[in-house]
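Every chain is numbered from 1, with letters handed out A, B, ... down the list of sequences. Keep in mind it's a predicted model, so treat the numbers as computed, not measured.
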Amino acid sequence: MEAPTNLVAQRRFKLAELKRRGFDPYPHRFDFTHSITDLRASFDRLTGPELETRPERVRVCGRVMSLRPQGKAGFLDLSDGEQRIQVYMRRDKVDDASYDLFQLLDLGDILGAEGVLFRTRTNELTVLASRLQHLSKNLIPLPEKWHGLTDVETRFRQRYVDLIVNPEVRAVFAKRSRIIREIRSFLDSRGYLEVETPVLQAIAGGALARPFITHHNALDLDLYLRIALELYLKRLIVGGFPRVYELSRIFRNEGISTQHNPEFTMLEFYQAYSDFRDLMDLTEEMITQIVEVVTGSRTVTYQDQVLDFNRWQRYSLRDAIVRFWPESVPAPAGDDLKSPERLRALARSVNAKFELTDGPGKLLAAIFEEVAEPHLIQPTFIYDFPTEVSPLSKTKPDDPETVERFELYIAGMEVANAYSELNDPAEQRARFEDQLRQRGLGDDTAHAMDEDYIRALSYGMPPTAGEGIGIDRLTMVLTNSRSIREVILFPLLRPEADTLPQALGEVDADK
RNA sequence: GGGCCGUUAGCUCAGUCGGCAGAGCAUCUGCCUUUUAAGCAGAGGGUCGCUGGUUCGAGUCCAGCACGGCUCACCA
């Protein structure tokens, strides 16, 4: 049979040839002595003469990333995803089966190699193979070795390929895992209990956002995917756990952008007998520690900025508006940030978007987002938010229009949101009712009434502070990623066109 | 959802004024026992995203559609 020209068909041909010669194309295991990363850690420092004096016999396995045949010998590179090791095969050092296998190898195959370590003339640490074992077949050719895979759509749809050929992508997700591990360790060491609460909820509460709707068949019940972790975690504070956290996925039925994916990962933690000031200090400590552990420094380059986590800033929302007010527009005077008429005029003057039904709180928030948010590059806490946009927060003792709440901004992105939790059930009911009025005015992100939550508060919830941290955005900052899709393994994309089954059929068709 | 941009070989990309579909890597054949973007000689490989239109002739011009990127809107 002639070798076919189509690349996939060529590889299927080689797979059949492997079978024909008695190789198991998909064996069950390989008994390795070192991962490639471990191997390098152990032997990178040994010289050629040292390796000759004390011969080291190893079995390693990984994906063939480079093949350099050279007559009756040849080199190949095996990768474990992180590191590579060179393997040298020569006719007079291996058995016939291993030699045949080498002739049939393709880039991308998974291979096991046994042999002794040595250094080549160019001083490269190398396994001199005595035996090669085929472990799995690559049927779809990998992207090119030099330019790699750059097509963004393919990188996201086939993240597995992205991870095989782009080590820096792998590094991003290793960092993400490290961030999450540090968060858990930080909270665990402070007496927090990690808990899991429902994803499927009859009332999607705890945030101002539109939910996804789903359906339970047996109960014939429409349910929502959660938009926040908040309300169930506070029920647990009522239940007597003084410190709880959940680090998990939430879902918001909103647009997709470089900073938004419909499902994203949120950390929420709640601490009884504390207020939002305690969490400001805690957040500064936690994030500084994560930054240092994950990046090795307290200064981080993000795009063309240097973020300095030695110098955290704190402004009230009103101060931030005044401080970052554009020079070209007349600045607000003393009481301007209080009257709805003046606020509307100011919002118009800076092109902030608002509805005519918006009260002073919403107007203030809209002005803040337009005027100040883009300037909040360095780690900055903004505190004292309008009650109108904070239906679950406790008001300040001397000002019912303002709540004890802060948001953390880094690189112009909102990364965290925290407040002293409102625990007065009567006031909570009134706030929900106000939200229902806003919903009636057309705001479909306004909060729904949650009677069970009010009932829980009625049993008595200790004074509590709670916070949410957007893990994806924090990861963006620490991996210098411009798009949230770069830090989510499988970001949401429209389904692939119907060309996929054909491509697969080509691969699957057995012979 | 709006605006702008993109889609050509497995991958990365050229393709002039509308006139035979190109390169590098990868693949295949031959040679090559310390190479490493190995080398030398030769060869094969295309639904130019899809559907229409204009034209003697369309990868190229026009329209619609699909998918993606950036951006605006929405949000965290």
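Judged by closest nucleotide on RNA chain B, A/Ser66 is the one of A/Arg485 and A/Ser66 placed further toward the 5' end. Each of A/Arg119 and A/Glu370 lies near RNA chain B, and the nucleotide nearest A/Arg119 is the one positioned closer to the 5' end.
Both distances falling under 3.5 Å, in either a Watson-Crick or a G-U wobble arrangement, place B/C61 opposite B/G53. Applying the Watson-Crick and G-U wobble criteria (two distances, each under 3.5 Å), B/G30 pairs with B/C40. With both pairing distances under 3.5 Å, B/A66 is matched to B/U7 as a Watson-Crick or G-U wobble pair. Remark: B/G46 base-pairs with no nucleotide; criterion is Watson-Crick or G-U wobble with both hydrogen-bond distances under 3.5 Å. In this structure, B/A14 makes no Watson-Crick or G-U wobble pair, since no nucleotide meets both defining distances under 3.5 angstrom.
Residue contacts shown for A/Gln259 include a base, since a base heavy atom lies under 4.0 Å away. Using a 4.0 Å heavy-atom distance criterion, A/Asn253 is classed as making no nucleic acid contact. A/Glu414 comes within contact range of the sugar-phosphate backbone alone, with a heavy-atom separation under 4.0 Å but no base atom that close. As judged by a 4.0 angstrom heavy-atom cut-off over every strand, A/Ile250 is placed among residues making no nucleic acid contact. At a threshold of 4.0 angstrom between heavy atoms, the contacts of A/Gly470 with the nucleic acid are absent.
Within the 4.0 Å cut-off from OP1 or OP2 of B/C74, not a single side-chain nitrogen or oxygen of A/Arg210 is found. In this model, the phosphate group of B/C28 is approached by a side-chain N or O of A/Lys14 to a distance below 4.0 Å at OP1 or OP2. Taking side-chain N and O atoms only, A/Thr258 has a distance below 4.0 Å to OP1 or OP2 of B/U71. Between B/A76 and A/Arg252, a contact under 4.0 Å exists linking OP1 or OP2 to a side-chain N or O. Residue A/Arg494 places none of its side-chain N or O atoms closer than 4.0 Å to OP1 or OP2 of B/A66. Contact annotation: A/Lys353 reaches the phosphate of B/A73 (side-chain N/O to OP1 or OP2, under 4.0 Å).
One can place CG of A/Leu493 at 6 Å from P of B/G69, the figure rounded to the nearest angstrom. Here B/A38 presents its C1' atom at 12 Å from CG of A/Leu67, a figure rounded to the nearest Å. The distance between atom CD of A/Gln303 and atom P of B/C70, rounded to the nearest whole Å, is 12 Å. Taking atom CD1 of A/Ile256 as the reference point, atom C1' of B/C72 lies 15 Å away to the nearest angstrom. A/Asn123 has its CG atom 14 Å from the C1' atom of B/U35, to the nearest Å. In this entry the distance linking CD of A/Glu369 with P of B/C72 reads 14 Å, nearest Å. Here the C1' atom of nucleotide B/U33 and the CD atom of A/Gln103 are 12 Å apart, to the nearest Å. Taking atom CD of residue A/Glu467 and atom P of nucleotide B/A76, one finds them 15 Å apart after rounding to whole Å.
Side-chain atoms of A/Arg157 lie closest to B/C67 of the nucleotides B/A38, B/C67, B/C74. For A/Arg11, the listed nucleotide lying nearest its side chain is B/U27; candidates were B/U33, B/U35, B/U27. Checking B/A37, B/U35, B/C67 against every side-chain atom of A/Glu153, the shortest atom distance belongs to B/C67. Nearest to the side chain of A/Leu107, among B/U71, B/A37, B/U27, sits B/U27. The A/Ser483 side chain lies nearest to B/C70 when the options are B/C70, B/U35, B/A76.
Taking atom C1' on both nucleotides, B/C17 is separated from B/U55 by 15 Å, rounded to a whole Å. Here, B/A38 and B/C32 have their C1' atoms 11 Å apart, quoted to the whole Å. To the nearest whole angstrom, the two C1' atoms, one in B/G3 and one in B/G44, are 45 Å apart. Comparing B/C4 with B/C13, their P atoms sit 24 Å apart, to the nearest whole Å. Straight-line distance between the P atoms of B/A58 and B/C48: roughly 12 Å, to the nearest whole Å. Comparing the same atom, P, in B/A23 and in B/A41 gives a spacing of 16 Å after rounding to whole Å. Comparing the C1' positions of B/C20 and B/G57 gives a spacing of 12 Å, expressed to the nearest Å. Using atom P as the reference point in both B/G22 and B/A37, the two lie 31 Å apart (nearest Å).
Remark: A/Arg210 engages A/Asp444 in a salt bridge, criterion side-chain N to carboxylate O under 4.0 Å. For A/Arg119 and A/Glu124, the salt-bridge test fails: no basic side-chain N is under 4.0 Å from an acidic carboxylate O. One finds no salt bridge joining A/Arg405 and A/Glu467 here, because no Lys/Arg side-chain nitrogen approaches an Asp/Glu carboxylate oxygen to under 4.0 Å. Salt-bridge check for A/Asp358 with A/Arg344: failed, with every basic side-chain N at 4.0 Å or more from each acidic carboxylate O.
With hydrogens and angles left out, the side chain of A/Arg90 and the base of B/U33 share a donor-acceptor pair within 3.5 Å.
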| Should A/Ser481 and A/Thr479 be marked as a side-chain hydrogen bond (donor to acceptor under 3.5 Å, both in side chains) after you check the CA-CA gap, both sets of side-chain angles, and the distance that decides it? | CA-CA 5 Å; A/Ser481 300; A/Thr479 58; 2.8 Å; yes
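Pairs passing the salt bridge (charged side-chain N to carboxylate O under 4.0 Å, His left out) check and including a residue from residues 368-384 of chain A, sequence neighbours excluded, read A/Lys353-A/Glu370, A/Asp384-A/Lys396.
Checked against A/Lys14 for a salt bridge (Lys or Arg N to Asp or Glu O under 4.0 Å), the options A/Asp109, A/Asp106, A/Asp100 give a single hit: A/Asp106.
Residue-nucleotide stacking is not present for A/Trp146 and B/G24, judged by a side-chain ring centre under 5.5 Å from the six-membered base ring centre and planes under 30° apart.
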| request: Report, as a single string ordered 5' to 3', how protein heavy atoms within less than 4.0 Å touch nucleotides 7-14 of chain B: B base, S sugar-phosphate only, - not at all. | output: ---BBSS-
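With hydrogens and angles disregarded, a donor-acceptor distance shorter than 3.5 Å links the side chain of A/Asp443 to the backbone of A/Thr445. Checking side-chain atoms of A/His447 against main-chain N and O of A/Gln435 turns up no donor-acceptor pair under 3.5 Å.
Atom OH of A/Tyr315 has more than 12 neighbouring heavy atoms from other residues, nucleotides or ligands inside a 6.0 Å radius.
For A/Ser483, the side-chain contact (heavy atoms from CB on, under 4.5 Å) partners two or more places apart in sequence, or in a different chain, are A/Thr258, A/Arg485, A/Glu486.
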